[in-house]
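Accompanying notes for the structure given below.
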Amino acid sequence: MQTTKPRQRPLIQNPEAVRRRRLAAGLGQVALGEKVGITHAHVSKIENGKSSAGAGVLFRLAGALNCTVEDLLA
């Protein structure tokens, strides 16, 4: 029997980029979370490199922060 690993969501390679862009946009973690549809705790974990984000969250983060997904993953 072959087992498969669960798909891992990509960790944002430069989580500080999310924080910098959020602050530059004048958003708090709560406000960004509301725009993206995630909790402020998840925003915090993403910014600290402790949580990953799925493709949908990455695209919504990029849209809310006026950048590309590549900017968040680079």
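The first residue in the sequence is number 1, and the count goes up from there.
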Contact check, side chains of [X] and [Y], non-hydrogen atoms, under 4.5 Å:
| X | Y | answer |
| --- | --- | --- |
| Leu61 | Leu32 | yes |
| Arg20 | Asn14 | yes |
| Asn66 | Arg21 | no |
| Glu47 | Glu16 | no |

Between Asn48 and Ser44 (side chain of the first, backbone of the second, donor and acceptor by atom type, cut-off under 3.5 Å), is there such a pair?
yes
Check: His42 side chain, Ala53 main-chain N or O, donor-acceptor pair, under 3.5 Å
no
State the NE2-CD distance between His40 and Gln29, to the nearest 0.5 angstrom.
7.0 Å
About how many Å separate CG of Asp71 and CG of Leu65, when rounded to the nearest 0.5 Å?
10.0 Å
Of Ile38, Leu58, Val36, the one forming a side-chain contact (heavy atoms from CB on, under 4.5 Å) with Ile46 is Ile38
Closest heavy-atom pair and its distance - Ala64, Leu27:
O-CD1, 4.4 Å
